[in-house]
Amino acid sequence: MKTMALPDSFLQDLHSRNPATDVISSYVNLKRAGRNMVGLCPFHNEKTPSFTVYGSTDSFYCFGCGAGGDVITFIRKIENLDYMEAVKFLAQRSGLQMPEDGYDDSLSRLRTRIFEANRAAAKFFHKFLYTPEGSVGLEYLRSRGLSEASIKHFGLGFAPKNTYALNKYLIECGFTEFELIQANLAFKSNRTNRLVDRFIDRVIYPMIDLRGNVVAFAGRTLNKDEKAKYINTSDTPVFKKSNNLFALNYAKNTKEKQIILVEGYMDVISLHQVGIENTVATMGTALTREHALILGKYADEIILCFDSDSAGQKATSRAIEILRDANIPIRIIRVPGNKDPDEFLNADKQNGASRFRLLIENSGNDIEYRLGLLRNGVDLSVASQKVAFLKEAAKMISNINNAVEVDVYVSKLCKELDVEKTAMVHLINQHRKKYYREEKKKFSQKIQSSDTRPDVVNPDRSRQLKAAKAEEALICFLFNHPDELKKICEKISPDDFITDFNRKVFLCVSERIKNGSGTSLFDISNEFSVEENSRISFIVNKNCGDLQYAFDCINVILSEKNKQQLKSESNPNDDDLLKYIDSIKKGKK
């Protein structure tokens with residue numbers, strides 16, 4: 001969808017200053033693979049790299065999740081920005097002055113209005129906390145050991161029981177119903193068709209981004225009968241759960257080179273209150289690869305402090321996997337008594353902070369933590385249990401890429417359990433061979449399935465696969481050989497395309513070639529959505545063939561179109577049949 005027009009000279013300069021490889025490598029650990037670069041995709045969890053950056057087209061594509069496009073599309077996805085904001089981001093990155101005029105900033109203006117509405121809502125909730133009706137929320141926060149300074153520092157608040165209180169106030173402030181719905185502060189009731197507040201009768205925790213904007217809220221119920229203990233703002237034009245962390249705006253400013261990751265908002269606030277301010281939490285979601293990339297910018301090491309129950313252990317294991325893939329060192333805190341940090345601090349008001357700092361100092365790394373979990377309930381004096389433990393330990397260690405780490409832990413285990421080191425190394429190598437075979441098979445399947453993945457961008461594709469593939473090959477050829485447009489247009493026109501999306505792409509590229517405009521993915525990025533750009537990246541990074549191959553593709557498209565027309569003529573549609581039946585009825589009269 002086109003939202004702006006910027007001078008070609010500016011876009012060319014922006015493109016030359018921001019090569020895809022340079023920009024993407026600041027987010028993804030890329031390695032050379034022939035002419036291209038590969039790495040673990042930042043948009044989904046994977047162990048075998050299926051994310052490729054193509055030097056020839058200055059673009060990227062992931063065979064695992066289908067994400068792709070130019071460098072602007074990458075920034076839009078990774079930073080959760082619209083097109084214009086991504087352009088500004090790249091301009092600022094490369095020291096380039098933005099043009100002042102010539103674009104439609106409607107989405108940017110909507111984002112600004114959502115920021116303003118969120119800020120007004122945060123003030124409303126905080127003020128309401130100190131009213132007689134909000135006193136129940138204030139009493140709860142004080143009962144949890146929070147000081148007035150902490151309550152004000154984090155801007156905590158309370159949402160009224162009145163289901164219309166917030167939206168009535170915000171509309172009086174000049175905000176529209178559309179803006180409040182887009183901010184996820186309110187929604188339209190199906191029953192009454194009235195605007196209803198999203199947060200009702202709950203303690204409110206505002207979410208602040210790194211720029212100081214209020215982007216979202218979490219609401220905690222005090223009603224024990226309420227099913228949902230917490231509700232959170234859904235993804236909006238200014239907020240995405242998968243790349244925002246609660247209190248990172250404060251934690252990033254500490255002198256510590258570590259960031260402590262905990263599960264709850266109260267854990268974060270309680271730790272900040274006692275001076276341990278390098279603490280953050282995810283916002284109503286599990287840790288994601290995007291979170292890991294963000295954390296890696298502000299910390300040399302991540303300390304995980306999740307609950308000790310089965311759910312907490314599962315979350316810890318998943319976080320370890322994601323952080324290891326992002327090459328971030330990890331340590332694990334195990335809080336005594338199965339307490340969470342908030343409970344631990346409040347159990348010992350005088351010494352809680354110093355005791356927690358000792359837990360940090362004595363925390364082990366993720367390998368020690370996982371080996372400890374494997375040992376739980378195992379009697380190593382029993383031969384069968386000892387063998388089973390060593391097999392599981394070998395499997396776990398086989399996933400470690402650092403040779404020194406592997407040697408240290410293998411040597412330690414073998415000495416402790418009186419096992420030959422060569423036997424353990426043999427087990428590890430067996431697991432690695434099996435793993436690489438499986439991953440190679442999975443990767444091959446990814447590449448094959450990427451061609452037949454359910455396609456929301458071009459839904460006609462699955463029904464007209466032969467024609468769609470020929471259209472894609474022709475588009476690929478045109479991207480790589482724009483000088484051959486005249487010969488192509490002598491044989492086919494956009495109207496001959498069977499699938500709507502491919503027709504749209506062919507028309508866009510051919511018109512730009514005729515007008516002397518650029519046709520790289522970067523040049524056309526603003527003509528299409530993020531999802532459409534991903535699809536185009538998949539198309540243009542295939543082998544395009546020569547001119548004769550392009551002519552063969554044209555013949556396939558025209559042949560498929562003729563078949564479609566013949567089928568249509570021999571199978572009249574419902575309107576044709578109704579007209580025919582009606583004419584027969586009239587004839588009988």
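As the structure is a prediction and not an experimental result, all values here were calculated from the model.
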For this session: Evaluate whether atom CG of N190 has more than 12 neighbouring non-hydrogen atoms of other residues, nucleotides or ligands under 6.0 angstrom away.
Result: no
Exercise. Crowded around K314 NZ? As in, over 12 foreign heavy atoms under 6.0 Å?
Worked result: no
Exercise. Any donor-acceptor pair under 3.5 Å linking the side chain of D197 with the backbone of A165?
Worked result: yes
Exercise. Between K504 and D500, is a side-chain contact (heavy atoms from CB on, under 4.5 Å) present by the stated rule, with each step listed?
Worked result: CA-CA 6 Å; K504 177 183 174 183; D500 291 338; over 6 Å; no
For this session: Carefully, step by step, assess L248 and I259 under the rule side-chain contact (heavy atoms from CB on, under 4.5 Å).
Result: CA-CA 9 Å; L248 184 61; I259 284 182; 3.9 Å; yes
Exercise. So, for N351 and S354, which heavy atoms are closest and what is the spacing to 0.1 Å?
Worked result: O-OG, 3.0 Å
For this session: Report yes or no: does D201 contribute a side-chain atom to a donor-acceptor pair with the main-chain N or O of T221 at less than 3.5 Å?
Result: no
Problem set entry | Carboxylate-amine/guanidinium proximity below 4.0 Å for R331 and E301 | yes
Exercise. Is it true that a side-chain atom of S525 and a backbone atom of L521 form a donor plus acceptor pair closer than 3.5 Å?
Worked result: no
Exercise. Do any pairs count as a salt bridge (charged side-chain N to carboxylate O under 4.0 Å, His left out) and have a residue in residues 178-193, sequence neighbours left out, and if so which ones?
Worked result: R113-E179, E177-K188
Exercise. So, R535 side chain and V457 main chain: donor-acceptor pair closer than 3.5 Å or not?
Worked result: no
Problem set entry | Side-chain donor/acceptor of N244 to backbone N/O of K240, under 3.5 Å | yes
Problem set entry | Ionic contact status for R142 with E148, cut-off 4.0 Å | yes
For this session: State, yes or no, whether a side-chain contact exists between L81 and R111 at a heavy-atom distance under 4.5 Å.
Result: yes
Exercise. Is a side-chain N or O of N243 found less than 3.5 angstrom from the main chain of I294, in a donor-acceptor match?
Worked result: no
For this session: With R220 as the cation and Y265 as the aromatic partner, state whether NZ or CZ is under 6.0 Å from the six-membered ring centre and within 45° of the axis.
Result: no
Could you go through residues 276-286 and list every donor-acceptor pair under 3.5 Å that involves a side-chain atom there, pairing it with any protein atom two or more places apart or in another chain?
| residue | atom | partner | partner atom | Å |
| --- | --- | --- | --- | --- |
| N278 | ND2 | Q258 | O | 3.0 |
| T279 | OG1 | I276 | O | 3.0 |
| T282 | OG1 | T285 | O | 2.7 |

Exercise. Hey, what do you get for CZ (F187) to CG (L180), rounding to the nearest 0.5 Å?
Worked result: 12.5 Å
Exercise. Which atom names give the shortest non-hydrogen contact between P459 and V456, and what distance separates them?
Worked result: CD-O, 3.7 Å
For this session: Identify the heavy atoms of A353 and L345 that sit nearest to each other, and give their distance.
Result: N-CD2, 3.8 Å
Exercise. Less than 4.5 Å apart, any side-chain heavy atom of F43 and any of F74?
Worked result: yes
For this session: Kindly say whether D267 contributes a backbone atom to a donor-acceptor pair with the side chain of S270 at under 3.5 angstrom?
Result: no
For this session: Please determine, by modelled atom types, if K252 and N249 share a side-chain donor-acceptor pair under 3.5 angstrom.
Result: no
Exercise. Should I151 and L138 count as side-chain neighbours, where that means a heavy-atom distance under 4.5 Å?
Worked result: yes
Exercise. With sequence neighbours excluded, what pairs up with K168 under the side chain to side chain donor-acceptor pair (under 3.5 Å) test?
Worked result: E172
For this session: Give a yes or no on whether the backbone of S147 and the side-chain of Q273 come within a donor-acceptor separation of less than 3.5 Å.
Result: yes
Exercise. Rounded to the nearest 0.5 Å, what separation is found between the OG1 atom of T316 and the OH atom of Y369?
Worked result: 4.0 Å
Exercise. Any idea how H15 and F522 line up, ring-wise: parallel (<30°), tilted (30 to 60°), or perpendicular (>60°)?
Worked result: parallel
Exercise. Which is it for N346 and K349 under the side-chain hydrogen bond (donor to acceptor under 3.5 Å, both in side chains) test, yes or no, and what are the steps along the way?
Worked result: CA-CA 5 Å; N346 284 315; K349 298 288 185 183; 2.7 Å; yes
For this session: Working to the nearest 0.5 Å, report the span between CD of E263 and CG of L287.
Result: 11.0 Å
For this session: Report the distance from atom CG of D340 to atom CE of M266, rounding to the nearest 0.5 Å.
Result: 9.5 Å
Problem set entry | Check: T131 and F128 side chains under 4.5 Å, non-hydrogen atoms | yes
Problem set entry | Intermediate values then yes/no, side-chain contact (heavy atoms from CB on, under 4.5 Å), F10 and V87 | CA-CA 10 Å; F10 167 78; V87 169; 3.8 Å; yes
Exercise. Quick one: does N213's side chain get under 4.5 Å of N118's, heavy atoms only?
Worked result: no
Exercise. Would N184 and T233 count as having a side-chain donor-acceptor pair, cut-off 3.5 Å?
Worked result: no
Exercise. Would E85 and R211 pass as an ion pair if we require N to O under 4.0 Å?
Worked result: no
Exercise. Checking S534 side chain against V530 main chain: does a donor-acceptor pair fall under 3.5 Å?
Worked result: yes
Exercise. Once you round to the nearest 0.5 Å, how far does CE of M98 lie from CE of M84?
Worked result: 3.0 Å
For this session: State whether a side-chain donor-acceptor pair under 3.5 Å links T288 with H291.
Result: yes
Exercise. Hey, what do you get for CD1 (I72) to CG (N533), rounding to the nearest 0.5 Å?
Worked result: 9.0 Å
Problem set entry | Nearest non-hydrogen partners of I330 and I320, listed with the distance | CD1-O, 3.6 Å
Exercise. Crowded around Q92 CD? As in, over 12 foreign heavy atoms under 6.0 Å?
Worked result: no
Problem set entry | Contact check, side chains of F158 and Y140, non-hydrogen atoms, under 4.5 Å | no
Exercise. Is the closest side-chain heavy-atom distance between L195 and I181 below 4.5 Å?
Worked result: yes
Problem set entry | Pairing of E79 and R93 as salt bridge, 4.0 angstrom limit | no
For this session: Kindly say whether Y164 contributes a backbone atom to a donor-acceptor pair with the side chain of N162 at under 3.5 angstrom?
Result: yes
For this session: Report yes if some heavy atom in the side chain of Y27 is under 4.5 Å from a heavy atom in the side chain of P42; otherwise report no.
Result: no
Problem set entry | Verdict with reasoning, L374 to V378, per side-chain contact (heavy atoms from CB on, under 4.5 Å) | CA-CA 8 Å; L374 289 176; V378 176; over 6 Å; no
Problem set entry | Least distance between heavy atoms, P336 atom then F344 atom | CD-CE1, 3.9 Å
Exercise. Of all heavy-atom pairs between N365 and I332, which one has the smallest distance, and what is that distance?
Worked result: O-CG1, 4.2 Å
Exercise. With under 30° as parallel and over 60° as perpendicular, where do the rings of Y205 and F246 fit, or are they tilted in between?
Worked result: perpendicular
